[in-house]
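Comments concern the structure below.
Numbers restart at 1 for each chain; the letters A, B, ... are given by sequence-line order, proteins then strands.
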Number of protein chains: 2
Amino acid sequence: MRVLDWLGRRWTLRVLWELRAGALPFRALRERCDAVSPTVLNERLRELRAVGVIALRAGGGYDLTAEGRALGALLAPLNVWAERWARRATHGRRIPRSER
Amino acid sequence: MRVLDWLGRRWTLRVLWELRAGALPFRALRERCDAVSPTVLNERLRELRAVGVIALRAGGGYDLTAEGRALGALLAPLNVWAERWARRATHGRRIPRSER
DNA sequence: CCATACGCTACGGATTACGTAGCACGAGGA
DNA sequence: TCCTCGTGCTACGTAATCCGTAGCGTATGG
């Protein structure tokens with residue numbers, strides 16, 4: 001599963017997630033990603049463009065492509081899981097014996 | 001979206017993916033993950049245990065918990081997307097003007 | 001007693017990411 | 001014309017992370 005490998009590189013998922021709501025220019029995208037180093041951000045953006053999930057619009061700003069939106073939509077369930085998990089983590093959560 | 005951040009750390013997604021079919025002992029899991037360094041693997045396994053998505057069974061071997069399986073199920077669509085993408089990448093693929 | 005398999009650690013070198021500063025280009029205003 | 005502002009992007013020294021190999025401690029079976 002090679003795609004999970006490059007999805008698992010730092011900031012890749014995050015960039016896809018931050019672009020889900022619409023296009024963002026380089027600097028704004030950088031701020032959203034905890035002010036990640038522009039070196040790495042540019043590296044990821046190049047990879048994502050090479051794969052074809054994002055595109056640099058004429059006039060500036062990065063945006064998801066059609067395939068990018070398809071991929072990004074698959075991230076939403078992960079977010080749902082995460083929020084449910086966070087809710088269980090805050091109030092006490094029961095861990096079955098078999099899962100320790 | 002903090003969860004996407006630690007999911008985006010190296011080998012995290014991969015470990016979840018390799019455990020989807022069932023439990024694996026440390027060394028076998030390591031081999032499946034391109035013989036990743038045991039140092040890092042152990043670090044990820046500790047994180048995944050702390051979050052509660054995997055568990056070390058009595059008698060050896062790592063396995064997904066109930067929540068782990070729920071999370072792992074969300075990875076399958078990513079795989080589907082990946083395979084479809086790979087198929088489009090091999091034979092010629094058309095890129096719309098707006099996406100270059 | 002030895003072989004095997006288990007999870008896991010140590011450590012030095014290689015790789016990757018960070019943080020700050022700044023470049024090149026273009027659009028718009030004084 | 002010159003100045004600002006915003007755009008994507010790069011350079012480079014430092015810090016964090018990861019890798020690769022070797023081996024430890026325990027347990028189980030022959």
Query raised in the report: Picking from D:dG8, C:dC6, D:dA11, which would you name as closest to the side chain of A:Thr39?
Result: D:dA11
Query raised in the report: Rounded to the nearest Å, what distance is computed from the CG atom of residue A:Leu29 to the C1' atom of nucleotide D:dT7?
Result: 14 Å
Query raised in the report: Between B:Arg9 and B:Glu47, is the closest basic N to carboxylate O distance under 4.0 Å?
Result: yes
Report summary line: When rounded to whole Å, the CD to P distance for the pair B:Glu31 and D:dT21 reads 11 Å
Query raised in the report: Which part of the nucleic acid does A:Pro25 contact within heavy-atom distance under 4.0 Å: base, sugar-phosphate only, or nothing?
Result: sugar-phosphate
**Report entry** Minimum-distance nucleotide to A:Tyr62 side chain [options: C:dT9, D:dC9, D:dT21]
**Finding:** D:dC9
Query raised in the report: CZ of A:Arg30 versus C1' of D:dT7: gap in Å, rounded?
Result: 14 Å
Query raised in the report: Does A:Asn42 have a side-chain nitrogen or oxygen under 4.0 Å from the phosphate oxygens OP1 or OP2 of D:dG8?
Result: no
**Report entry** Separation of C:dC25 C1' from A:Arg27 CZ (nearest whole Å)
**Finding:** 12 Å
Distances under 3.5 Å between protein N/O atoms and the N/O atoms of nucleotides 14-18 of chain D, please, pair by pair.
unit_1 : atom_1 : unit_2  : atom_2 : d
D:dC18 : OP1    : B:Arg44 : NH2    : 2.4
D:dC18 : OP2    : B:Arg44 : NH2    : 3.2

Report summary line: B:Leu41 atom CG is separated from C:dC8 atom P, nearest whole Å, by 9 Å
Query - Working for side chain to side chain contact (heavy atoms under 4.5 Å, CB included), residues A:Trp85 and B:Val51 - result: CA-CA 9 Å; A:Trp85 176 85; B:Val51 171; 3.6 Å; yes
Report task. For side chain to side chain contact (heavy atoms under 4.5 Å, CB included), just list the numbers for A:Arg84 and A:Val80, CA-CA rounded to whole Å, side-chain angles, deciding distance to a tenth of an Å, and then say yes or no. Result -> CA-CA 6 Å; A:Arg84 190 170 51 85; A:Val80 173; 5.6 Å; no
Query - Side chain A:Thr65, main chain A:Ala55, donor-acceptor under 3.5 Å - result: no
Query raised in the report: Can you check whether A:Val36's main-chain N or O pairs, donor with acceptor, with A:Arg30's side chain at less than 3.5 Å?
Result: yes
Report task. Ignoring backbone atoms, test whether B:Arg49 places a side-chain nitrogen or oxygen under 4.0 Å from the OP1 or OP2 oxygen of C:dC8. Result -> yes
Requested in this report: Measure from CD on A:Glu47 to P on C:dA17 and round the result to the nearest Å.
Outcome: 8 Å
**Report entry** Separation of atom CG in A:Leu56 from atom P in C:dC25, rounded to whole Å
**Finding:** 17 Å
Query raised in the report: Is it true that a side-chain atom of B:Arg14 and a backbone atom of B:Arg32 form a donor plus acceptor pair closer than 3.5 Å?
Result: yes
Query raised in the report: D:dG8, C:dA10, C:dT20: which one has an atom nearest the side-chain heavy atoms of A:Phe26?
Result: D:dG8
Query raised in the report: Are the side chain of A:Arg69 and the backbone of A:Leu64 linked by a donor-acceptor contact shorter than 3.5 Å?
Result: yes
**Report entry** Distance, rounded to the nearest Å, where A:Arg46 contributes CZ and C:dT16 contributes C1'
**Finding:** 14 Å
Query raised in the report: At under 4.0 Å between heavy atoms, what does A:Gly59 touch on the DNA or RNA strands: base, sugar-phosphate, or nothing?
Result: nothing
